[in-house]
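The structure appears below as structure tokens.
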Amino acid sequence: MNISILRRIGVLFLIAGIFFSWSCSKAGDSNVIKIGVIGPMQYSQGKGHWNGAELAMEEINSSGGIKVGNEMKKIELIKADSNEIASITDAANAMERLITQEKVNFVIGGFRTEAVLAMQDIAMDAKTIFISVGPASAELNKRVKEDYDRYEYFFRGSPLNSSYLVKNSFIHLGYIAAVLKKTLNLPAIKVAVVAEKVQWVEPVIAAAKSTIPAMGMELAGIWQPSQTASDVTAELSAIQRSGAHIIFTVFSSSVGVTFVRQAGELKIPALMTGINVEAARFDFWETTEGKCEYVITSANYLENITINETSKKFIDAYRKKYGEMPSYTAFTHSAISNLLRTAIEKAGTLDADALIPILENLKVETSSGTYKVDENHDSIWGPGYSIIMAGQWQDGSFKGIWPNNWKASDNAPAISYEGVAPVKFPPWMIEAYQ
Amino acid sequence: MVVDIIISTLINGSIYSILAIGFSLVFGVARIINIAHTAFYMLAAFCIYAGTNSFGLHPVLAMGAAIIFVTILGLASYKLIIEKIRVHPAATIIATIALAMIFQEIMILNFGAEFLSVPVLVEGFTVVFGVKITYQQVFTFIFMVILLISVWFLLMKTKLGLAIRATAQDRETANLMGMNESMIALVTIGISVGFAGFAGAIVIPLTVIHPHMWLSPLIIMMAVVVLGGLGSIKGSIIGAFIMGLTEAIIVFLLPMGSFLKGSVALTILIIVLIIKPEGLFGVSIEGE
Amino acid sequence: MQLEVINLRVVFNKAMILNDINLSLNKGELVGLVGPNGAGKSTALKAISGLIAWRKKVSKGIIGGDITIDGLIVFNGERIDEMPAHKIVSNGLVLCPERRKPFREMTVLDNLLAGAFLERKKVKIKENLDIVYQLFPKLKSRTRQISGTLSGGEQQMLGIGRALMSQPRLLCIDEPSIGLAPIVRAEVFEKIMEINKRGISILLVEQEISTVFKMTSRNYVISSGQIITEGTSEKLLNDNVIRKTYLGM
Amino acid sequence: MSILVYLRRLFVTIKEEIIILPTKVITILFILFLLVLPVILPDSYLMRVLILAAIFAMLTASWDFLSGFAGQLNFGHALFFGVGAYSSALFNLLLKIPPAGSIPLSGLVAVLAGLIIGFPCLRLKGIYLALTTIAFPIILTGVVNALPGITGGELGLSGLDKLTGSRIGDYYIVTLLMLGSCTVMYKLTQSNVGIIFHAIREDEVSLKVSGINTTKYKLLAFCLSGLFAGIAGGVYAHFMRIAGPSTLSVSTSFTIIIYAVFGGVCTIYGSVAAVYILFPLMEVFQLLPQFRTLFFAAIVLIILLYMPSGFIQWIIDKIEKTCSRCGHKNHALRKICRFCERPFKYY
């Protein structure tokens with residue numbers, strides 16, 4: 001009897017071993033370029049990652065593929081659900097699986113910074129090029145500078161890093177304050193800062209404290225609700241009490257929706273601007289039941305504004321295929337069809353070490369402007385490169401309102417994108433101040 | 001400022017108390033720690049969303065349907081799963097965690113993990129003592145008061161309430177009075193889940209719906225219940241208002257630290273428990 | 001025969017608490033069940049009133065004991081050993097539990113009303129309430145008091161009164177004298193006699209043997225989970241071995 | 001000559017003690033499998049999965065030690081894990097202590113955490129304890145977010161030293177650490193301390209009455225459990241090279257409990273086995289990512305409903321039976337006990 005039990009156990013282990021060795025030894029197909037798309041696939045961010053990449057793959061493959069040296073290679077996308085919003089462990093495992101099991105040539109995606117930091121290390125261990133599309137933290141690129149030999153395989157795709165985002169949204173603030181002052185004849189503008197409590201916001205708050213007075217405005221107060229707060233009416237009444245004309249928001253999660261919704265319901269006489277990631281989504285009007293009217297936020301893709309031909313083509317193709325505006329994580333499209341494609345065609349190889357110098361010196365038009373990286377492999381912000389537009393919800397559609405004759409410095413040429421719309425003010429606000 | 005704090009306390013406190021009473025009632029009567037309690041709250045929210053968006057129901061109708069659906073679901077999950085394992089507290093906790101996870105995943109499969117919303121019943125706001133509050137909040141508050149009064153009536157003036165109170169105090173003796181303990185547990189679960197659904201229906205028009213929305217009220221609700229004393233309804237109500245007050249004070253006096261409101265509330269909870277381990281009005285369950 | 005218990009056996013985990021108990025009780029009788037501490041008296045009452053079966057249902061689990069219950073219990077010609085406790089009550093077999101167990105946070109009146117849970121007619125409840133108040137006038141004066149604040153004797157009276165509200169045909173009383181002053185004890189026993197005279201059979205579990213033996217018609221002596229002997233009070237008191245070994249007199 | 005004697009003795013032990021009991025055979029085979037695997041199949045992904053499984057096995061076993069054996073239901077076990085992860089990250093990043101030092105130190109810090117939460121929790125029992133302990137990691141998360149300068153806020157602390165530098169090295173270190181610590185915990189629970197833990201769980205009052213200082217033992221349980229969980233946290237931080245707030249999340253606490261229940265509470269080995277089954281299984285389920293959590297939760301419900309003593313315990317009951325007279329274990333097919341020769345029949 002012992003022997004039979006032993007034998008059964010032995011057979012079990014044998015089967016397990018065979019299964020594992022089979023699953024672990026998938027041979028890589030050298031005729032395609034394998035790109036891993038990693039992201040929280042259950043969530044809208046992950047869907048953006050995947051849709052953008054899928055669109056790029058279809059476009060490239062239908063045109064025959066990417067020219068690598070003398071052969072045309074097609075793209076194969078590998079989807080990896082990182083589940084990073086729930087579990088960092090899962091995210092790291094997904095990255096490892098992409099690299100060691102699927103043997104991908106490149107990885108694009110990522111969303112939550114804590115997870116991307118863990119994923120980054122795995123990709124760097126395997127010397128695989130990893131273009132992040134999603135996290136805004138500058139931390140990721142600091143590593144490139146600190147330890148170039150290890151982290152040279154990492155590039156920031158989109159969005160711009162948080163300090164640029166903030167800088168840019170302060171410019172939005174300045175623009176809106178100027179318009180507001182002129183329209184309503186206000187002597188001085190008061191700004192309330194409302195930021196969710198996350199780490200990348202800390203420098204924003206520090207900056208707000210010094211920048212807002214420096215811009216000739218008064219800081220009415222700073223509020224920091226939690227990321228998942230479901231009731232901010234207390235904060236809102238405190239803000240109204242402070243007499244703020246503008247609410248400078250820094251939101252990346254659900255509290256952004258709640259805040260806008262409740263502010264709209266209470267008709268707080270102040271204009272919202274700043275960063276509110278959720279507010280830039282195409283379905284934000286439905287999500288807030290129309291309460292987001294007059295809300296301004298930073299945006300990467302806008303219907304009425306054309307940055308360049310690449311952007312216009314991408315937005316059109318995306319809307320045609322998926323019936324909605326792309327979210328910012330759909331930059332995976334540009335990461336593949338602009339960055340990787342150009343670099344691979346120039347290098348004539350898929351070898352990471354040969355591609356890095358090319359990517360470092362690449363200057364290419366993408367769907368969110370001209371892409372170029374600095375020495376940190378961080379994408380550059382500024383006139384002539386990528387800048388972040390501002391959009392305002394006006395009557396059910398998200399309209400670009402900035403850059404509208406923006407001068408980066410006194411002597412610089414004014415920048416205006418085609419199709420930009422004027423800023424509108426809520427009637428209850430006009431009423432309150434006239 | 002003081003008026004702001006009071007109004008904010010009243011509104012949040014009444015929401016917390018409705019959630020906490022249901023949770024506390026089930027614990028008292030059936031000794032079930034129902035982690036899935038707020039998951040039913042989440043489900044009600046999604047039901048209303050589906051009702052108004054997919055079936056085009058009027059919001060009030062959708063609310064009613066949601067509460068009924070959630071109650072039935074609660075009863076079914078009690079009958080099919082919890083009743084069989086409720087004997088061991090750890091097993092019930094884990095089973096209800098699993099239930100909540102299942103609900104959450106099914107909602108993700110059906111609706112995706114995006115933020116959704118439903119329309120408010122009455123749009124706009126009113127000004128009370130110089131503080132803007134939305135009609136929905138006024139509504140919420142009134143409904144909560146009505147609900148609290150009807151709970152009080154049910155418990156103190158009806159035979160069922162007598163049985164529920166008796167069972168909550170001593171299940172064995174209540175059994176000896178001819179009270180069918182498992183039947184009463186079932187009824188209580190129904191009431192409790194109905195409350196959770198009701199709280200969901202009334203609160204969500206002001207906020208966002210997403211499949212993970214059950215987690216943060218869960219923590220606050222448990223803090224409220226433990227603070228007030230498990231199984232004590234009076235305790236739940238008082239605990240709810242204490243928590244609401246703490247949060248309001250933090251938001252108004254410490255705006256930069258308003259994210260801390262959860263942590264501070266929980267710290268208060270722990271301090272109270274160290275001083276008085278069974279909570280403010282808790283029944284001692286040592287004998288069991 | 002109103003109650004008949006045949007070969008009742010209760011095992012907790014592996015400890016045999018009751019080993020093949022046999023006892024019976026006629027209508028209108030007042031029967032004592034006596035024995036030393038830990039003999040299994042209370043367990044026997046709990047088994048008869050269905051609480052063991054309930055506990056069995058409640059206590060199995062991830063880390064839980066195992067309870068086995070075996071045997072036959074017949075009440076009024078009906079098997080009740082597999083009946084849930086609340087059904088047994090509606091059949092007329094009511095247990096007044098050890099240490100009274102009032103619903104401590106409820107008023108005296110609520111406690112009594114809880115006892116009348118199964119009765120639907122308001123008139124009947126009122127009638128029963130009057131009977132109980134007549135029997136225990138002290139309770140009447142304390143109708144609105146929270147029962148946790150009553151004295152031990154009052155709580156015991158409340159316990160018995162509450163059991164009476166369930167309109168028992170057989171009332172099982174578990175150690176009514178425990179923790180009471182001698183004067184109060186005497187009063188409680190007096191009341192029990194009075195209830196018996198009203199035609200309600202009583203199965204009384206007690207350690208206070210001298211008093212019990214004066215009241216009861218028959219007694220069972222239980223020790224270590226086994227019925228040692230049964231008989232009238234005189235017979236048992238006359239048996240020297242029984243008296244010295246089991247009754248400690 | 002003497003070597004032969006030893007060999008013979010070893011052979012006899014194997015023959016008399018091990019081979020006759022399927023659980024022992026499985027345990028030995030499992031350990032051998034773990035030790036030999038990287039040699040046969042040096043796949044870095046597989047090793048990664050098994051390393052993480054080992055870390056979570058340690059963590060789950062430490063939960064079982066505290067909550068299963070000593071009965072101190074802890075629903076916030078992630079606290080120890082997070083404290084371990086953060087403290088080893090801080091030791092490593094600020095004081096430049098290598099992993100060999102920072103991991104044991106993080107264990108000590110977690111012991112301290114065990115003491116700090118153990119003291120207030122001594123007065124609490126059962127459900128109150130469970131609900132209170134949920135709060136601790138959440139409060140700590142609040143503190144972490146409030147002090148981004150030290151803790152890195154929600155990004156966590158990254159850029160820690162590698163555990164060893166090679167995957168195989170990591171694998172052996174973590175696996176041996178797991179085997180070692182789980183053996184220590186198992187042996188402890190089988191010793192007198194274990195008996196006292198049992199007694200605390202079952203009836204604390206009578207234990208107090210018999211003159212045993214239950215406070216001391218409960219604190220001991222908190223500390224030891226904290227130690228192993230802290231070490232697991234430290235190892236996790238160094239392996240993932242990041243210590244972030246996700247280590248403190250509610251779902252981490254809940255997942256551990258689910259593992260333990262799957263394996264069978266109050267066993268230690270059940271926890272280990274459960275993690276080694278469920279963790280790789282969840283990886284396989286990456287093929288259907290949208291059903292993963294659903295599947296996980298459904299398994300838990302099924303286990304609770306049909307195998308209340310845990311899946312592993314259920315299997316053990318199927319392959320082994322205990323003699324009711326002498327208490328020795330026998331494999332399920334034996335007709336009589338191998339020690340006292342009592343026949344296995346229905347009693």
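Computed from heavy atoms alone, side chains included, the values below leave out hydrogens, waters and symmetry copies. Below, chain A is the first sequence line, B the second, and so on; all start at residue 1.
Annotation: maximal heavy-atom pairing with chain D below 4.5 Å, among B/I33, B/V225, B/I97, B/V226, occurs at B/I97. Chain B forms more heavy-atom pairs under 4.5 Å with one residue of D/T132, D/T141, D/V300 than with any other, namely D/T132. The greatest number of non-hydrogen atom pairs below 4.5 Å with chain B, out of D/A298, D/A135, D/S251, is found for D/A135.
Within a 6.0 Å radius of CZ in B/F69, no more than 12 heavy atoms belonging to other residues, nucleotides or ligands are found.
B/I81 touches chain D through backbone and side chain together, each having a heavy atom under 4.5 Å away. Contact annotation for D/F119: neither backbone nor side-chain heavy atoms come within less than 4.5 Å of a heavy atom of chain B. Residue D/L73 touches chain B through its side chain alone, counting heavy-atom pairs closer than 4.5 Å. Neither the backbone nor the side chain of D/F295 comes within less than 4.5 Å of any heavy atom in chain B. Using a 4.5 Å cut-off between heavy atoms, B/L227 does not touch chain D at all.
The line from CD of B/E105 to CZ of D/F296 is 11.5 Å long, rounded to the nearest 0.5 Å. Taking NZ from B/K84 and CG from D/L301, the interatomic distance works out to 11.5 Å, rounded to the nearest 0.5 Å. To the nearest 0.5 angstrom, D/F75 atom CZ is 7.0 Å from B/I35 atom CD1. Atom CZ of D/F254 is separated from atom CD1 of B/I93 by 8.5 Å, given to the nearest 0.5 angstrom.
Of all heavy-atom pairs between D/L304 and B/A91, the closest is CD1-O, 3.7 Å. In terms of heavy atoms, D/A297 sits closest to B/I102 at CB-CG1, 3.4 Å. Scanning both residues, D/L294 and B/L109, for their nearest heavy atoms gives CD2-CD1, 4.0 Å.
The shortest distance between side-chain heavy atoms of B/I108 and D/Q290 does not fall below 4.5 Å.
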